[in-house]
Amino acid sequence: MTIIKRFNQILILSILIFSLYVSSPVISNDSGIELNTADDPDYPGIFKLLNYNIQGGEVGDDWTGVLDVENADVVALVESGRWVPGETFNTAVDEINARFPDEIPYEGYTFNADSLTDGQAILSRYPIVDANAYPAVILDDGSQHNLNHELLEVVIEVNGLNIYIYTVHLTCCAGGFSARMKEMEGMINHFDSLGDVPIIFTGDFNSESPEDEAFLDENSDLGNEPVDMLLNSSHEMGSTQHEFLDMYRYLNPYSPGYTYIDSLYISRLDNIFINEPLYNSLVSSTSLDFYEPAISGSDHFPMTGVFNLHYDEIDITPPLPVGHVQVDVQTEYATISWDANQDADFYKYSVYRNDCLIIDLENGTTSFVDDYEYGSNVIYIYDVSATDLLEHESVLSNQVYINTSYGVLSKPSAPVLTSTKLESGDYLLEWNVDDEGGYPIEYYRIYRSYSEGGSEWHHYSTKTSLNITVSTTKIPLYYRVRAYNYLGAGEMSNIVNDSTSSTLNTEASTSTIDKPIFNINIRDQPVNCPEPLVILKSPLELTTSSSTTSSSTTSSSTTPSSTPTETTAFPIAGIFGFLTLMAILPLKRRDN
């Protein structure tokens with residue numbers, strides 16, 4: 001049987017099946033999701049949440065263009081201080097609803113704010129069954145702590161389930177660290193008082209996440225312990241009732257997801273956290289969307305999260321990213337390998353070189369030898385994705401950079417730091433890096449702290465010199481160093497101190513560092529994507545089940561399963577989707 005004949009037979013069969021179910025609801029967009037679904041009785045449990053600091057905005061400002069683009073079912077806003085409950089807020093909600101004439105109108109809740117940068121508001125197309133604003137919280141010792149910005153609570157009903165949604169604006173800036181710690185402590189106590197209820201905790205946390213270690217901006221002095229307190233149930237002030245999860249980081253382990261960028265900070269300060277009852281409902285999360293309203297609308301970028309409460313009936317969830325992608329270039333050709341996907345409905349892996357899809361590989365294959373004729377001294381990037389039977393493709397894996405003139409490129413290793421007392425009484429700090437990762441070191445960053453075990457190391461200076469001199473004082477300081485190359489920050493050095501040293505000599509000499517010798521302008525290189533080679537053996541069977549046999553019990557595990565076994569309540573429609581996938585897959589090209 002020829003390929004064309006097989007294609008035609010499958011296509012005709014697919015069209016016949018489709019004609020029987022043409023009235024069935026369609027889930028479609030670039031994520032395979034009908035995002036705005038509050039008015040769709042067939043999918044009442046699939047909804048999108050937008051978390052956005054609008055910089056004291058009002059309706060008519062650029063930020064409302066983000067609402068138009070995202071069209072979320074639930075909107076959590078920070079810095080909505082222009083709005084007064086029952087007055088300007090009602091007018092604002094009416095004006096926002098006028099932008100969506102074909103949707104169920106939002107209802108909302110806010111509170112009186114003291115300033116434009118104060119205030120939170122939550123809008124929902126689902127019914128709001130309760131709403132409160134808390135000006136103070138109770139700490140572990142029973143004392144009351146007044147919040148700098150009130151904690152806003154809105155309870156919405158989604159498909160018969162009451163979901164508690166919170167938005168918060170923790171105290172700003174480096175000097176607010178102590179206040180943020182108390183604020184988080186009291187908010188966790190409030191969550192514990194609720195018992196076993198689903199919670200979505202959003203807002204501007206003005207804190208780093210401990211799970212962002214690989215992406216942290218070294219200028220930041222905000223600290224991560226307030227968020228660590230929330231995510232780490234073993235923290236001495238952590239929750240005793242809930243296990244919270246960082247939605248964006250869980251679904252996007254290899255993407256920074258920055259929400260705030262300026263000359264002082266490059267950070268992910270805005271977050272969506274969820275607790276156990278919502279673990280299996282996670283679909284996708286986005287941040288740092290560079291479209292025009294988001295660029296000019298606020299000093300923060302929007303963050304979204306998509307939830308599917310019908311995860312046991314309707315499959316709209318892509319596989320998790322492929323883990324631990326590695327490239328071996330010890331032989332003539334590069335060998336790419338990765339961890340196996342464990343999902344029951346897994347279908348294929350896709351391997352990309354410099355943003356080009358080069359091959360699709362069957363289930364059970366976890367490596368590929370790329371017999372590509374490389375250019376000399378040019379960088380190539382490899383990453384891998386996973387796709388399930390309904391053609392939901394995961395976000396890309398970690399990227400691996402190679403250069404055939406060098407090998408696998410990496411960030412620098414940890415510098416070895418030493419401290420030597422000079423005859424003058426000063427101390428000389430020196431360091432070296434054994435492995436530059438394939439790129440010459442571009443610069444170093446020097447850090448200091450008042451204690452060896454301190455949780456906050458302040459970035460003191462960027463120097464391209466290999467030594468600095470410290471002057472004696474009565475206050476001992478501790479130092480460590482980090483090296484940077486084209487791929488970013490390497491590991492931190494060991495810690496040294498001098499029992500009498502204090503301040504760095506800012507007059508230390510600097511040296512010139514050579515620029516990287518490799519061709520690093522990946523996006524400027526000609527991209528001649530080859531026709532991808534498809535290697536797929538016998539088709540895999542699509543798992544189906546009816547809603548009457550599905551369990552809605554949430555796993556008690558502290559983290560979600562890699563992806564719940566994904567099923568569909570529409571077996572025939574599922575078969576149509578699978579047959580269509582089989583028909584068009586060899587012709588599909590990745591849309592970049």
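For the numbers below, each heavy atom of this structure counts, side chains included, while hydrogens, waters and symmetry mates do not. The structure displayed is predicted, hence computed values, not measured ones.
Considering only residues two or more places apart in sequence or on other chains, N90 meets the side chain to side chain donor-acceptor pair (under 3.5 Å) condition with none of them. Contacts of Y134 classified as ring-ring contact (aromatic ring centres under 6.0 Å, His included), with partners at least two apart in sequence or in another chain: H190. The ring-ring contact (aromatic ring centres under 6.0 Å, His included) test applied to Y254 returns no partner, not counting sequence neighbours. Listed by chain and residue number, V129, N162 satisfy the side-chain contact (heavy atoms from CB on, under 4.5 Å) test with E157 (two or more places apart in sequence, or in another chain). Evaluation of the ring-ring contact (aromatic ring centres under 6.0 Å, His included) rule for F201 yields F191, F205 as partners, not counting sequence neighbours. In this structure N97 satisfies the side-chain contact (heavy atoms from CB on, under 4.5 Å) test together with V93, P105, Y106, sequence neighbours excluded. Checked against ring-ring contact (aromatic ring centres under 6.0 Å, His included), W83 has the following partners two or more places apart in sequence or in another chain: F89. With sequence neighbours excluded, no residue forms a side chain to side chain donor-acceptor pair (under 3.5 Å) with D94. Remark: P85 pairs with T110, N112 by the side-chain contact (heavy atoms from CB on, under 4.5 Å) rule, at least two apart or across chains. Legend: residues meeting side chain to side chain donor-acceptor pair (under 3.5 Å) with S178, ordered by chain and number and at least two apart, are absent. When the side chain to side chain donor-acceptor pair (under 3.5 Å) test is applied to N252, no partner is found at least two apart in sequence or on another chain. For the side-chain contact (heavy atoms from CB on, under 4.5 Å) test, residues two or more places apart in sequence or in another chain that qualify with S143 are L139, D141.
A salt bridge links E70 to K48: at least one charged side-chain nitrogen sits closer than 4.0 Å to a carboxylate oxygen.
The closest side-chain heavy-atom distance from H145 to E185 is not below 4.5 Å. A heavy-atom distance below 4.5 Å is found between the side chains of L282 and F307. At a threshold of 4.5 Å between non-hydrogen side-chain atoms, the residues Y248 and I272 do not count as touching. Proximity of D140 to M237: side-chain heavy atoms (C-beta onward) are separated by under 4.5 Å at one or more points. Side-chain atoms of W63 and Q55, non-hydrogen and from C-beta on, never get closer than 4.5 Å to each other. Contact annotation: the side chain of V137 never approaches that of M184 to less than 4.5 Å [non-hydrogen atoms, C-beta and beyond]. Within the 4.5 Å cutoff, no side-chain heavy atoms of N271 are placed close to those of N51. For the pair N132 and D130, the minimum side-chain heavy-atom distance is below 4.5 Å.
For E292, the CD atom counts as densely surrounded, since its 6.0 Å shell holds more than 12 non-hydrogen atoms of other residues, nucleotides or ligands.
With hydrogens and angles ignored, the 3.5 Å screen pairs no side-chain donor or acceptor of E436 with any backbone N or O of P412. Between the side chain of E183 and the backbone N or O of T171 there is at least one donor-acceptor pair closer than 3.5 Å. Of the possible donor and acceptor atoms, one in the side chain of D435 sits under 3.5 Å from a partner among the backbone N and O of G437. Between the side chain of S493 and the main chain of W431, no donor-acceptor pair closer than 3.5 Å is present. Side-chain atoms of D383 do not come within 3.5 Å of backbone N or O of N398 as any donor-acceptor pair. In terms of modelled atom types and a separation under 3.5 Å, the side chain of R180 and the main chain of P226 share no donor-acceptor contact.
Atom CG of D212 sits about 11.5 Å away from atom OG of S207, to the nearest 0.5 Å. Once rounded to the nearest 0.5 Å, the distance linking OH of Y260 with OG of S287 reads 14.5 Å.
Here the options are L49, I165, I156, V75, the test is side chain to side chain contact (heavy atoms under 4.5 Å, CB included), and the partner is I122; only I165 passes.
Scanning both residues, A414 and M492, for their nearest heavy atoms gives CB-O, 3.1 Å.
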Walk me through it: do D270 and N53 pass the test side chain to side chain donor-acceptor pair (under 3.5 Å)? CA-CA 8 Å; D270 308 81; N53 180 321; 4.8 Å; no

One pair to check against side chain to side chain donor-acceptor pair (under 3.5 Å): R99 and N71. What are the steps and the verdict? CA-CA 10 Å; R99 306 171 78 95; N71 194 14; over 6 Å; no

